[in-house]
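Written below as structure tokens is the structure these notes are about.
Within every chain, numbering begins at 1; the chains are lettered A, B, ... in the order of the sequence lines, protein sequences first and strands thereafter.
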Amino acid sequence: MKTEAFKDESRHRFLLNMGPQHPATHGVLRLVLEMDGEYVVHLDPVLGYGHRMHEKMAEARPWPSFLPNTARMDYLAALPYNHGYVCLIEKLAGVEVPRRAECIRVATSELNRVASHLLWLGAFLLDLGAFTPILYGFDDREQILDILEDITGSRLTYSYFRVGGVYRDVDDRFVENTRVFIKRMRKRLDIYNKLVTDNIIFIKRTEGIGVISPEMARRYGVTGANLRGSGIAYDIRKTEPYSIYPELDFEIPVGSRGDCFDRYLVRIKEIEQSLRIIEQALDMLPEGEFRGKAPKKIKLPPRAASFAVEAARGELVYFMVGQDSDVPYRLKVRVPSYANLSLIAELCQGMLIADLVSVMGSLDLVIPEIDR
Amino acid sequence: MDTAFLPPELLRMLIAALFVVTVVFVNALFMVYAERKIAGHIQRRPGPYEVGWHGILQTLVDGIKLMTKELVIPRDANRMLFRVAPLLAFTPVVMPFLVLPFSENLTIIDMNIGLIFILAMASLNVMAILVAGWSSNNKYGLFGAMRSVAQNIAYEIPILLSLLSVVLITNSFSMRTIVEAQISGLWFCLLQPLAFIIYLIAALAETNRAPFDMPEAESELTAGFHTEYSGMGFGLFFLGEYTNMFIVSSVAVAVFLGGWSGLPLPMDAWTGAFWFLLKVYILMFIMIWVRWTYPRVRFDQLMNLSWKYLIPFALLNLIVTAVIVKL
Amino acid sequence: MSGYFSDLYHGTKSLLVGLGVTFKEMLKPTVTVHYPRETLTITPNYRGHIELVSDEKTGGSLCITCGMCARACPSACISIHSEKPEGSKKKILTGFELDFTRCSLCGICVESCPTDAIAYSQEYNLAGYSREEFHMDLLGRLGKGGGSLT
């Protein structure tokens with residue numbers, strides 16, 4: 001932080017600490033803002049308030065014991081995190097996954113994605129000063145959590161996927177409840193569109209604000225809806241498909257301008273697409289094993305491997321180096337939010353503080369995922 | 001009763017003061033409860049529910065909690081101004097009660113400059129917010145204060161212009177005359193629909209209510225000008241806000257919605273006051289409803305709305321009214 | 001200039017539609033549950049803290065003290081005490097403690113158990129005044145239906 005700038009009285013700049021306990025910096029992010037009136041001249045994100053050494057923990061314990069940790073990085077969409085991890089182990093050990101398990105994985109992951117987007121929607125609108133959408137979002141999200149609780153046994157940090165399949169089979173009730181939810185959610189999207197998407201105040205607060213150009217997005221490694229909002233149709237589910245995604249029929253919504261409004265629209269459309277994916281996965285759910293035969297003890301071979309999945313916030317990569325033991329030598333997690341946050345310093349220069357809040361909200365950051 | 005000890009005029013003032021304080025507190029208690037209940041139901045939850053029947057005593061208990069809390073003064077704050085600011089916020093919002101025409105008989109004083117008196121008092125509110133934000137030596141507080149000043153100045157103009165177009169018709173600033181003009185003729189919300197709408201929007205901004213709650217935009221400025229206030233210091237600001245809502249709604253009712261006029265009811269003496277309060281609370285319900293529906297506008301958009309939309313339309317309306325009245 | 005008036009028209013319309021949405025929602029019944037008075041039925045699949053399963057024949061525990069669960073636990077919150085009585089080939093369980101303050105409810109212990117001696121509890125109302133209340137003696141709770149804590 002450039003303290004000299006503040007000694008010069010004629011410049012009338014001052015430091016403003018936003019966070020770690022500020023209503024708009026969800027989680028524990030701290031932004032050190034250099035302000036000129038209400039304009040942000042310079043911005044420094046300060047991280048580390050929620051650091052729990054997840055990567056180090058992975059190096060100190062057998063790989064199955066790390067599975068619960070994966071759910072605790074991004075607690076809003078824990079299943080894709082489980083998914084990436086078990087897929088990586090399956091890739092290293094060459095484990096076959098039964099088709100039923102794949103369908104369950106995709107359906108539950110997508111449900112989780114919808115839940116995460118709903119919470120984001122509420123939190124974003126809360127940042128913009130609308131108090132009501134977050135509770136509507138929670139109402140819908142609660143239905144998803146009930147469905148997921150029924151099959152996984154917990155509501156947030158699921159640890160549901162296992163190497164070779166999933167931890168518990170789904171039943172007809174799950175299929176039925178999910179279909180009921182999909183129907184309900186389609187109706188509810190209409191309410192969100194009326195209440196939020198068309199609202200003139202909302203449009204004025206987000207249109208043309210925080211424009212991320214495709215070039216800038218590439219430079220910072222932005223992924224997920226933030227990248228797709230800038231018009232680049234990059235989604236791991238399409239570009240590097242895993243599981244049963246290649247067989248599914250869904251679209252990658254993209255924006256055109258890369259502003260907050262586009263990022264919002266992309267996520268709303270993603271909810272629709274996720275509902276489509278869930279429907280298809282349920283339709284093709286075959287009878288059979290939900291958990292394949294995985295060897296009891298898997299020794300991680302002494303080579304490097306990585307696996308990428310599309311988490312709710314973007315590209316999530318697990319990179320693991322084995323050491324011929326069940327304890328990995330190194331596990332690196334590439335989390336989407338870190339790259340998504342890194343551009344904020346450049347993006348928000350010269351911005352009003354109110355716009356900064358709206359950009360922060362639109363990026364959909366989960367800080368514990370960055371700190372891990 | 002021997003009135004030599006208390007001259008009638010003094011007795012009258014005492015009763016009036018007591019009445020005003022009662023109305024202020026009861027209104028705030030009721031409104032906070034109503035706001036939380038309505039907000040709850042809009043969000044599909046019941047709101048306060050635990051203290052008393054359906055949480056009816058919740059605000060009372062909250063008030064007691066606020067009164068018993070310590071008033072913490074930040075170390076580098078200007079101690080005197082920091083203490084004065086809540087009082088400054090509270091006093092001017094009580095004064096307009098003097099001229100509000102609750103019913104034909106229930107008016108404390110009928111000043112011939114009633115409307116101007118209310119506007120003058122309402123504009124003092126800015127002072128309090130500025131002092132509060134500045135004296136607490138908090139950057140968020142200062143932001144809130146600065147925003148508030150700019151906002152209130154920008155929105156006093158459309159309020160004044162929209163009220164002036166009514167005054168042009170009635171030829172009087174007296175609240176009683178304005179109401180009586182509507183009883184004999186049409187309500188001014190029908191004669192002056194544009195002025196009425198402009199007044200409502202500007203009134204929302206004037207009271208710092210969402211979607212114009214810039215000075216206390218909590219996702220941007222934590223709590224804005226009252227970030228550092230605790231206990232009753234905060235309580236007085238709160239009380240001031242709800243009283244202010246009551247005042248602007250009352251003015252809207254008196255000027256645009258026919259004041260105390262309404263269908264006759266059995267209790268003749270109270271009919272006027274009943275209709276007046278009913279209309280006031282309907283307007284306040286709308287203010288609450290709006291708050292829980294919209295996102296907050298940005299600061300420069302707020303200014304744009306005033307300077308680009310409200311003021312030109314209000315001016316236009318004023319000119320048209322002036323021409324028609326002259327004809 | 002045309003943008004000026006279309007903004008005004010569409011803006012006003014969208015605002016009124018928004019008010020309509022919230023008004024309709026306001027008239028609908030609430031969706032919340034008055035928690036301490038009303039509770040939701042918890043799903044039978046709920047993963048609470050673990051509980052020892054009692055053997056229907058003997059009423060004792062099914063645990064054979066192999067220690068698989070303690071080894072599988074990522075947070076090392078299970079400790080098993082056993083002893084081998086004179087003349088017996090089998091070890092018997094003398095203590096099974098769960099340090100619930102560290103448990104992350106992952107369920108790996110339940111999966112690793114070869115005799116299905118551990119099951120999830122349905123209890124979710126967990127609150128206490130001290131840390132020690134969550135150092136649970138599961139063997140002591142066995143057969144009591146897993147009522148109150150310790």
Checklist entry - Would you say the side chains of A/Arg205 and A/Asn199 form a donor-acceptor pair under 3.5 Å? => result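 No.
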
Checklist entry - Is a side-chain donor-acceptor pair under 3.5 Å present for B/Gln58 with B/Tyr49? => result no

Item to check | A/Leu352 versus chain B, the contacting section by heavy-atom distance below 4.5 Å | outcome: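 Answer is side chain: those atoms of A/Leu352 sit under 4.5 Å from chain B.
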
Item to check | Under 4.5 Å from any heavy atom of chain B - which part of A/Ile203 | outcome: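 Neither part; nothing is under 4.5 Å.
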
Checklist entry - Parallel, tilted or perpendicular: which describes the rings of B/Tyr281 and B/Phe30, with under 30° parallel and over 60° perpendicular? => result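 Ring orientation of B/Tyr281 relative to B/Phe30: perpendicular.
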
Next on the checklist: Classify the ring geometry of A/Phe202 against A/Phe124: parallel below 30°, tilted from 30° to 60°, perpendicular beyond 60°.
Outcome noted: perpendicular

Next on the checklist: Counting only non-hydrogen atoms closer than 4.5 Å, does B/Gln301 touch chain A with its backbone (N, CA, C, O), its side chain (CB onward), both, or neither?
Outcome noted: side chain

